[in-house]
Amino acid sequence: MSPAERKSHLSEIAPELLAELTETREHSRDLPALEGAENGVVMRFAPNPSGPLHLGHARASILNDYYVRRYGGRYVLRVEDTDPKRVDPEAYAMVLEDVEWLGLGITDIVYQSDRLDIYYDWCRKLIELGGAYVCLCEGERFRELKLKGKACPCRELTVEENLDLWQQMLDGEFYEGDVTVRVKTDLAHPDPAMRDYSAMRIVNAPLHPRVDATVFPLMNFSVAVDDHLLGITHVIRGKDHIANTRRQRYIFDYFGWKPPVYRHYGRMGISGVVLSTSGMREGINSGIYTGWDDIHLGTMRAIARRGIEPEAVRNAMVDIGIGETDISFSWENLYSRNKELVDPKANRYFFVPDPIEVVVEGAPRHEAHAALHPNDPSRGVRTLVTEGKVLLPRADIEGKSMVRLKDLYNMKIEWDADEPRLSYAGDSLEEARREKAPIIQWLPADAKLPCTLLRQDGSLEGFCEPLVAGEVDNVVQFERIGFARIDSVDNGRVSAYFAHR
RNA sequence: GCUGCUAUAGUGUAGGGGCCAAUCAUGUCGGCCUUUCACGCCGACGACUGGGGUUCAAAUCCCCAUAGCAGCACCA
């Protein structure tokens, strides 16, 4: 039945329902509402300081930021540095820089390493409540028991014994791996991931860069305590945390706290890019990457270096949203978001790759005036002067008998074997069109800058206009090549990073 | 293996019983514009994982299958 047929059929059998059909649903580009957020929210972004921020962090931080902006409230940057093995002292500053670059509306910054006493305190309370015990079992042994749903002997210790052992932990009487504090959950829980997980452990080495301690909370414990103490109302994070959310729930329940509202978005795959911090670090150490801002990486600094703007990242991430489906991140979509930002402001310049230097016979001295931006004449022109000696992209003249140098004049080409002989052929644009002469880029042979355009799939050597030297840190468009950020000019040599077409 | 989550065009997304022979963006292809490219404008292409069920009506609800993903760390 077609929709129209269904409608007429419905009017026969139940005309009173027909009114509902005429109600129009409204479409909105907004992300779904968060329940209980009407009066403001307190949200958090909680990176581990093991390296700079990457696209995975960008999604988490931007999505939370989006809702804080939408509902108003506070946005806590919580640096989760409770594992000395995974803390890179240099990462603290990198995280802060990247947060600033992204333009997140952070209102509070807390470091978990400043809060160890708080965790110790609540750990003691949890033991007193009978919600946790000190476990002396070897890890592998406990795992076996857990998978069978059996308790280990430590689970039967009295509160007093547990408190005593806990004090010994704090006093440094144990070494790494000897002991852990476990949250008492449910050994019969159908999901083995829920059974008596660890809340506290000892790390003797390496030393923590910020704090003199050996007892550290595990993520599930510190996160639950902090979310409550900091008054976090809503949490948006990846679905790899779904099990953690359930584990943290036990702590909220033991203390009678009200947990935040959670949303878990699906996994985001990024083709061709290593996203794990450890993987990137390995690549840097082994020389595959030049550093954290290597153009092959998905870090914020690599993306920034290529001239992609934070607003583009934000738009791309909000566009992706908080769906629970696994998705693959699309560079195309990010590039398109960036292009709409950058196209209106990027100045245009010639870039001649694989150049051939030629003399155009009979060419008069000419001044070419090319617009800096085709849609914005007020920005002015670049003036290129030539006496007849020019640089051309080899590929653009090969096999051609006539071309037009853009904004300059027409040129005839005669081929003597592989050697082109070029001669001036008038200024008429109409004639060039009539002859279907391609319009190509060029540079005066005596006014040019060598330029390396670094791209992910190999760099492109060529020459560009001298004015490009004044565009350091800006995004320009090399006509016919694409957008690029001018990274530096050293001794008259330009280094540019390719963004996208 | 156990536990859980998810399934709409190449990619991302909207739609949560009737407005849906399915939205928007991106992409690709064509055209217009343009002193190449880009931008802009016009057009085309392209999807409800499969099978059952409920219902007058299913992309939408239920069941099964399949696939993907996550967790089962003294990482976050």
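Since the structure is predicted, the reported quantities are computational estimates derived from the model, not experimental observations. All heavy atoms count here, side chains included; hydrogens, waters and symmetry mates do not.
- Ring planes of Y424(A) and H366(A): tilted class, angle from 30 to 60°.
- For the pair R263(A) and Y67(A), the cation-pi criterion (under 6.0 Å, within 45° of the ring axis) is not fulfilled.
- In terms of phosphate contacts, T325(A) brings no side-chain nitrogen or oxygen within less than 4.0 Å of OP1 or OP2 of C5(B).
- Dashed line: the shortest gap from a side-chain N or O of R433(A) to OP1 or OP2 of U35(B) is under 4.0 Å.
- Under 3.5 Å, the side chain of D191(A) and the base of C2(B) form no donor-acceptor pair of N or O atoms.
- Regarding K146(A), its NZ atom lies at a distance of 11 Å from the C1' atom of C2(B), rounded to whole Å.
- Side chain to side chain, T245(A) and R237(A) meet the donor-acceptor criterion of an N or O pair below 3.5 Å.
- In the model, N410(A) has no side-chain atom that pairs as donor or acceptor with a side-chain atom of E431(A) under 3.5 Å.
- Below the 3.5 angstrom threshold, one finds a donor paired with an acceptor across the side chain of R348(A) and the base of A38(B).
- Remark: the D196(A) side chain and the Y133(A) side chain contain an N/O donor-acceptor pair separated by less than 3.5 Å.
- Taking atom P on both C69(B) and C61(B), the two are 24 Å apart, rounded to the nearest angstrom.
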Taking Watson-Crick and G-U wobble contacts under 3.5 angstrom, with | marking pairs to another strand and [ ] crossing pairs, the secondary structure of RNA chain B is written (((((((..(((.....[.....)))((((((.......))))))...(((((..]....))))))))))))....
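- No N or O donor and acceptor, one from the side chain of E332(A) and one from the base of G12(B), sit under 3.5 Å apart.
- Between F45(A) and H57(A), the ring planes lie perpendicular to each other; the angle is over 60°, past the 30° to 60° tilted range.
- Within 4.0 Å of V223(A), counting heavy atoms only, lies no atom of the nucleic acid at all.
- Distance check on atom P: U60(B) versus G71(B) gives 30 Å, rounded to whole Å.
- When each of R59(A) and F142(A) is assigned the nucleotide of RNA chain B bearing its nearest heavy atom, the one mapping closer to the 5' terminus is R59(A).
- Not a single donor-acceptor pair, N or O on each side, falls under 3.5 Å between the base of G71(B) and the side chain of N244(A).
- For C5(B), neither phosphate oxygen OP1 nor OP2 lies less than 4.0 angstrom from any side-chain nitrogen or oxygen of R267(A).
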